[in-house]
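The structure appears right after this line, and notes come after that.
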Amino acid sequence: MAATAYAAATAVLTPRVHASSSVKSPCFSALPYLPPRLSISSFSSSITQVSGSRRFSSLQTRASSEESPVDAGELFTDLKEKWDAVENKSTVILYGGGAIVAVWLSSIVVSAINSIPLLPKIMELVGLGYTGWFVYRYLLFKSSRKELATDIEALKKKIAGTE
């Protein structure tokens, strides 16, 4: 029994040398031999063989004319019209810059917290617990889902200023 275990361990741990290896090195490696890289010409010929074969024709898809592509010019004109309709452009720029700075600072804070050992795992547990509570509180029952929908609509009206 011990002899077979020793033989198996020796077979696994013994370095392998490929017989057709042209370079003889004094340092043996336990990594298996890898085949040589394909040249670009053989790769392109294999692509043409695959694309030319008819057995893959059922896997080919075509773009349908029903979908309308997004027109970049139309998108830019729409954005320009909306930008021209804004009265306080400096306020929008200030809020946008503030949002970028806030995202940058939060990234720094998260990376600092992530570097403390054990704290990221505690934060994951807190997030998992809060997610479980939120699902139980707002998503599990029909009445609580309706309550959540009314709260979201009230928040939308408050943000939009229509309340």
Open item on the list: Applying a strict under-4.5 Å side-chain criterion to I, L, V, M, F, W and Y, I'd like to know whether Val126 and Val135 cluster together.
Closed with: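 In one cluster: no.
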Open item on the list: Is there a path of hydrophobic side-chain contacts, each under 4.5 Å between heavy atoms, that joins Tyr138 and Tyr130?
Closed with: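 Yes, same cluster.
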Distance-only donor-acceptor pairs under 3.5 Å for side chains of residues 105-125, two or more places apart:
from, atom 1, to, atom 2, distance (Å)
Ser106, OG, Ala102, O, 3.2
Ser106, OG, Val103, O, 2.8
Ser111, OG, Ser107, O, 3.3
Ser111, OG, Ile108, O, 2.9
Ser115, OG, Ala112, O, 2.7

TODO: Side-chain contact test, heavy atoms from C-beta onward, threshold under 4.5 Å: evaluate it for Phe134 versus Leu148 and give yes or no.
DONE: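 Result yes, sub-4.5 Å side-chain heavy-atom pair found.
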If you measure from [atom1] on [X] to [atom2] on [Y], what distance do you get to the nearest 0.5 Å?
X      : Y      : atom1 : atom2 : value
Ile152 : Glu147 : CD1   : CD    : 11.0 Å
Leu155 : Asp151 : CG    : CG    : 8.5 Å
Ser143 : Lys146 : OG    : NZ    : 8.5 Å
Thr131 : Leu139 : OG1   : CG    : 10.5 Å

Open item on the list: Counting neighbours of NZ on Lys82 that are heavy atoms of other residues, nucleotides or ligands and sit closer than 6.0 Å, is the number greater than 12?
Closed with: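 No, NZ of Lys82 has 12 or fewer neighbouring heavy atoms, counting only those of other groups under 6.0 Å.
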Open item on the list: Taking atom CH2 as the centre, does Trp83 end up with more than 12 heavy-atom neighbours from other residues, nucleotides or ligands that are less than 6.0 angstrom away?
Closed with: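 Check passes, neighbour count above 12.
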Open item on the list: Working note: Tyr136 + Trp133, criterion ring-ring contact (aromatic ring centres under 6.0 Å, His included); need CA distance, chi angles, decisive distance, verdict.
Closed with: CA-CA 5 Å; Tyr136 176 75; Trp133 173 83; 9.0 Å; no
- [ ] Apply salt bridge (charged side-chain N to carboxylate O under 4.0 Å, His left out) to Asp71 and list each qualifying residue two or more places apart in sequence or on a separate chain.
- [x]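 Asp71 satisfies salt bridge (charged side-chain N to carboxylate O under 4.0 Å, His left out) with no other residue.
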